[in-house]
Amino acid sequence: MSPGNSNALAPNAFRLLFEAAPDAYVALSPDLTILAVTDAYLRASMTQREKILGRGLFEVFPDNPDDPATEGTRNLRASLVQVLQHRKPDAMPVQKYDIRRPEAEGGGFEERFWSPVNSPVLDAHGELLYIIHRVEDVTEFMRLKREGGEHQKLTAELQELTDKIEAEVYLRSREVAEASRKLKEANAELESFSYTISHDLRAPLRGMQGFADALKVDFAAQLPEEAQRYCTRIGAAAQRMEQLVDDLLAYSRMSREEVQIKPVQLEAVVDQAMQFLAAEITDGKARVQKQGAFAAVLAHRPMLIQALQNLLSNALKFTSSGVAPDIGLHAEERGDRVRLWVEDNGIGIAPEYQSRVFNVFERLHGSDVYPGTGIGLAIVRRAMERMGGASGMESGRSGGSRFWIELPLATLKHS
Amino acid sequence: MTRDHCILLVEDNADDALLIERAIRKANLITPLHRVEDGEAACNYLMGAGAYADRIKHPLPTLVLLDLKLPKRSGLEVLRWVRSTPALTKLVIVMLTSSKEHRDVEEAYALGVNSYLVKPIAPAQMLELIKSLGLYWLTHNEPPATSL
């Protein structure tokens, strides 16, 4: 009978078949001596058949002395006792049982997890002959599970953090919404306030001035000269009031007007402002000179024109009597900003007043000498602030004043 | 009194009305002036409703001078109503107001106003304004045919 004959098996064929079984099995005697092992078991446990056959299971596989938490041996022993007593299979929970690495591979223990099942092999009378100890190496599975657990823990922590941040963002955004609603309300109020000023404050002024003038013109023959002068004064006072209202409106408009920052050619703005003041320049026989090159700046064009117009207008106005205004304009690049200088030969401003001239309604002169409302420079300052720029002044080298406004330089990228 | 030659002044401020009337007199505009004091009266006048039913006494104007801030119905409301009333869509309306506010100007033009003028404070300028207004709208301008 040859091994090739499929009708019967050679006596040692059972051993061969057992050893070749694809899973890890150990056949134990009731006193837990190793009687047979599969090749798969040898691979999993890093052992050799001739070194473990005939030896006690716990003699071959002691606990890892470096791991005090290990319960592998105790659990296995308990399970085997169960099987011995009850002669029923016992599936153990996953065990951590570290494997002794062969000295050739560096020795020591290697962390392993096992899923063992112990099954009794009984004879015809129900007596226990053997125990088959089957183990499945679930180290990889446990590793993945543990990593998954860590991920899960991390994810949970992250989730908690995210929730906290979301709650914070929600609260903050509500605060922001509330603030912006209040701001909108305040703006709307300011707007309706300006609207009222614009409409209602002007009406009585028209009445005052209109009737004072009507009196003077229509009753010229009946009015003594002194009465006519009074009429003129009423008219002039009303006119000043009108200018105040206009300037105040311009100032408040400067505060609430929407700012759209774009690259603006500074020289074009200078030209435009000069054009607006052409009459004053001609009347005052003023000389206004542009010096050097002018860069492009980031600004809201109408605001910038207004600011520059105010500076030029001041330079034209505050002159010593008999001296024609001589105004120089030049741009100076200061890092990523451009400063535009407006230099005049006027009456100048004493150093102690220089910090005050940009305040609203600040005036340094009687309105008979230099008419005005004292709001022009406040508009300049506000305009520059709103465009992310700055403004200032210093005394001129030869008595006049040097005012400046500064804005971010518009790079090619912006234009 | 010719039917096709009349100005309707919608103005609630008596001082302003008086000064405008004076300027019209000074400008030698012979056009008769009718005045109403609020937005609702303006609409009634233009419809020929109620107290304004008599078209001989209250003829349809060739020019309306309309203030913005008015009692009952604002100037812009009157303007919107006029432009949505088929018989009045072509009526020449000029805003004459104290507001220089950008949004007022924009809205008035958006609603189809023919011109927007700001009341000057100086009487001399008021006279100038009324003179040119009369010259342009009542003399040079070719008015549309209005029904009613």
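Since the model is a prediction, treat every value here as computed from it, not as a measurement. Convention: sequence-line order gives letters A, B, ...; per-chain numbering from 1.
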Pick from A/Pro204, A/Gly207, A/Ala214 with the largest number of heavy-atom pairs that fall under 4.5 Å of chain B: A/Ala214

For the student: nearest non-hydrogen atoms of B/Asn13 and A/Ala203, plus distance: ND2-CB, 3.5 Å

Any Lys/Arg nitrogen of A/Arg206 or B/Asp16 sitting under 4.0 Å from an Asp/Glu carboxylate oxygen of the other? yes

Those residues of residues 217-224 of chain A that come under 4.5 Å of chain B on a heavy-atom basis, listed by number, are A/Val217, A/Asp218

To the nearest 0.5 Å, what is the distance between CG (A/Asp213) and CZ (B/Arg22)? 6.0 Å

Side chain, backbone, both or neither: which part of A/Gln239 has a non-hydrogen atom closer than 4.5 Å to chain B? side chain

Within 6.0 angstrom of B/Tyr136 OH, more than 12 heavy atoms from elsewhere: no

Interface residues of residues 266-286 of chain A facing chain B - heavy atom cut-off under 4.5 Å: none

Tell me, for B/Asp67 versus chain A, whether the close heavy atoms (under 4.5 Å) come from the side chain, the backbone, both or neither. neither

Counting only heavy atoms from other residues, nucleotides and ligands, does the tally under 6.0 Å from CD of A/Glu225 exceed 12? no

Using every non-hydrogen atom in the two residues, find where B/Pro123 and A/Gly210 come nearest and quote the distance to one decimal. CG-CA, 3.6 Å

